[in-house]
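Here the structure is a predicted model, which means the values were calculated and not measured. All chains are named by letter (A, B, ...) in the order of the sequence lines, taking the proteins before the strands, and each is independently numbered beginning at 1.
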Amino acid sequence: MKAIDLRGFDRELKKGSAELLILSLIEPRPRHGYEISKLIDKRSEGSVRFRVASLYPLLYRLEKRGWIKGRWVEKAGQRRRRFYELTARGRLVLAAQRRGWKSFVKAINRITEIEHA
Amino acid sequence: MPDWKAEIEKRLLDLKLEPVREAEIAEELCQHLEDRYRELLAGGTGEADAQRIALEELCEGNTLVDDLRCVERGVERERGVAAGSGGNRILLDYGLAPAARTGLRIPLGKWLSDVRFAWRSLSLRRGSSLATVLVFALGVGLASAMFALTDPYILRPLPFEDPGRLVVVDLKVKSEDRDARIPTIEDWRARTNLFKGVAAFRSQPSMRLRLPDGAVNFSVASVTEDFFDVLGTPAPHSGAWRATTDASVLPVILTPAGQRALAGQPKANGVLLPDTGGTGLRVEGILQEKMVDTVFAAFAGSIHGVTPYRPSAVIERWWSADGSSSSTQRHNVLARLHPGVSLKDVERALELPLPSGRRAAVSVERLSDRLVGKKLRPLAYGALGAGILILLVCAGNVANLFIARSAYRAREFATREALGANRADIGRLWLIELALTAALGVIGGVAIAGVALACAAQVIPAEYARFGAPALTWRVVLFAALSGAVVVVAGIIPAALVGRVVPRALMGHGASAAGSRLKFLRLTFGAIQASLAMVLAVGSAMLVQSYLNLQQQDTGYDADTVVVRTSYPAPQGPMLDDIVQSSVHRLRAIPGVQAASATTHAVGEGESGGAVMVDGNDISASLTYVMPGFFDVAGMSLRQGRPLEDRDRGWRAVVVNQSFARTAWPGASALGQALTRDRHHPEVVGVVDDVFDASLAMAPKPTVYILQTDSFWSAGRNPFGFDWRMIYVLRASGSPERYGELIRRALADVNRDAVIQAPTTIGASLADSVRARTFATLVLALFCIAGGAVTIAGLAGIVTFVIARRTREMAIRMALGAERRHIRRLVIREAASAAILGGAAGMLAGRWLSKWLESLVYGLVAGNWTTALIAGALMLAVMLAAALLPARRAVRLQPTEALRVE
């Protein structure tokens, strides 16, 4: 039997959720890029991973849209790091995206749940 | 530690970033790679492997560089994780886009996205979308074409200043009121409480201008000097355009018709145009407003120039010496009312008290009403009404097709709603789809109207084009857009239904009550549509048959024979024979002309009256004077005997047509018989076929053909001083236009005062005579055909709707073993009932229609049902086919697929 290829589906899911994930992670406090990628990896138990090549362009894009703001933070004895935090507009977007995502997941669940006689 | 910075800068080089920005990005990425490298080492990975893995993650295709390029240039892009706005695509597709709800997206982008979605939705159901747009376009196109044809007669104002205040004033005085004091123009001008201005005009006898290329007829009208001021249109003229007592040279302003009549001649101010009577005209102005031609045409026919005059009384009367009889000359009076003055006010104020105690009535009519005429305005209203009717039929059908589409999509909408999409989102998408369909329909409609009007302009008779040939103007385009809006409004009703009745009915909730109501409505609606389609089919079949009959009617002439109409000044008399002989001789000498002859008979214009005696009985007959060779050149068939020859001069012999032979000597041969005309007793030497002359609509009249040399004029008698008319006929290869100049020159060389009309063919002349009938027939036939097509589309929509509604039922029946024919019957039963019921009613209505069409159809006997029955059967077949086609698709469904659809 031919194996079912789910890579395309995963990619689409990732595409649809990337912004939401990043915005959610920096909501409680500002984080730098490496920390964000590690948190995604950890909390998804390795299911979702963002590499350097795709993470930073997205961070810059969100910054350009005014949803997040980056600033350099220097600590003694360390290289300086760029931390990202949510802007007021970003909070609005995050709230809207969360609502949409919940409805979407709920709908998908309703559709895909097994019906019992 | 590896040199991450060098690796990163190498990759960023292509982006050509600002140095500061590039340094910041490089620093941040360095930090990330360093962290990653350390993490890998901490996890037990060797240095070389850790470096390789970190670099691989940096390189990952060319994602970094491509995405950074997009970000830095401000381009949103859907790729990989940097999905940007595309990241919401999944949500958008479910009508749940959060950005759309929060209003954070750019509105234009949202609308564009909706339009794209609507377009995709229409493309997915290409067949039904195309049908809807076609029906829409047909309805809008035909209604717009009808509007374009009727607009000038109903709605479009005249191109004069404040045209609603222009009136025509007419005083009615009977001849017995000879002592009445008729008011003058000045009297009426003095009524300043009523009129802002009063002008008068009247036509003059036609003049014959002698131009370098030959003579032309030229009609002049006398107008008061303030005529154009009252009319409200600028008329540039020199100061010399003033009423004069010098009758030798009249100052004229050339009308647009006059400028056409003098085509090729210099027309600047001061140009002298001599006439053949020794007087002439001097051009003092050029008028551009074409509507002035229409104004004159309504009163005095085609006017080529206007000259100023000063009339006295509104009506001039001359009494004979004994006072027993009178001649009357009426002046047409055009007046401009003051604002607020009504027609009744003027009529009451101008009523004329008579010595007899009675009052002479004054009738006041708006100029626009006079120009349109009493006959045309009701026709125009009727035609516009028909256009609006077809638009309404179209609106009904579009609504029907939308219901059918909605039935298909009800589950989709319900699913969207279940997924959280609100009604406003679905409604908006629905409306955009409707608007997109409408936009396509209107564009298609304008195209259809353009083609229809271009065709109409080719065949429209002059009487229907007095305000100019039909054309696609901005008013027509605006009407098309408004029509589109009407149809859209009609489509909103099913859109509202879709949100309530249809989904419930489809889901099975409350289906029985709503369903039975819908079924009754559909059956009624379908039957009405079917009967309408049948009436239209019967009507169009009769009209198309009539048109074909007109085209195929044998006129008895060779349709390609060239005809040249000429007229000569009255005092020609004995010179006639020489002129005709020389002219025919010269025409024969034109290269390409095989034969030429002449007749006094106006081929294609009607017949000259007359009577002859046979055995003491008067027989009404057309007396037609011809030159030898006429029958051959005109292509007339000689049934018996021989044609007329020179030796038959002096009323020795005549030729008659079959109608005359049948009337004068029924059952016997006409050859050798004698008839009497005045003191002559010619012998019948030949019998020719009947020919259609006045019109294809009039049966050929008994006709006697006599040699032209025996005519009145040939004998030098012209008691009434009429122009002398001669029609030359030629058999030549090629179109008549090819010979136009050669013919004109040949005839003008013989007599320079001859007015020579452009050559045409007998076929074209006769076509002109039936142009009004042909036009009405074609317009009505096309109207009927299009109406039928729209109606059939509506019927197909009903069947589609039924199928969509009963898919679950069909699937269950099929699963339980029902045969396909049972399913087919189930599906088409409703539409077939509607088609048969409506068709029968339509046939009965067709009987009424055939009586109404009797005056329009040609060559069809009233009560002859062959054409109607064939058309009816065909229409029934088409309606059933329209029902069967979607039904075929339905029975091909597998039960499992059908249930899945549900």
* To do: Under 4.5 Å heavy-atom distance to chain B, tell me which part of A:R81 shows up: side chain, backbone, both or neither.
  => side chain

* Other residues, nucleotides, ligands: >12 heavy atoms within 6.0 Å of A:K102 NZ -> no

* Heavy-atom pair with the smallest gap, counting every atom of A:P57 and B:V71 -> O-CG2, 3.4 Å

* Asked: Using non-hydrogen atoms only, which part of A:Y56 is less than 4.5 Å away from chain B: side chain, backbone, both, or neither?
  -> side chain

* To do: Take B:R36 and A:Y34 through the side-chain contact (heavy atoms from CB on, under 4.5 Å) test and state the conclusion after the steps.
  => CA-CA 8 Å; B:R36 177 69 172 145; A:Y34 187 71; 4.0 Å; yes

* **Nearest non-hydrogen partners of A:V52 and B:L33, listed with the distance** => CG1-CD2, 4.2 Å

* Work out which heavy atom in A:R61 is nearest to a heavy atom in B:D67; give both atom names and the distance. => NH2-O, 4.3 Å

* Structure fact -> Under 4.5 Å to a heavy atom of chain B? For A:R80 that would be both

* Asked: With only heavy atoms counted, which part of B:I25 is less than 4.5 Å from chain A, the side chain, the backbone, both or neither?
  -> both

* Asked: Relative to chain A, which of B:E28, B:R11, B:E24 shows the most heavy atom pairs under 4.5 Å?
  -> B:E28

* Decide, yes or no, whether a salt bridge links A:K38 with B:E39 under the criterion of side-chain N to carboxylate O below 4.0 Å. => yes

* Atom pair OG/NE2 of A:S37 and B:H32 - distance to nearest 0.5 Å -> 4.5 Å

* Assess whether atom CD of A:E85 is packed by more than 12 heavy atoms of other residues, nucleotides or ligands within 6.0 Å. => yes

* Structure fact -> Between the CG atom in A:L55 and the CD atom in B:E57, the distance rounded to the nearest 0.5 Å is 11.0 Å

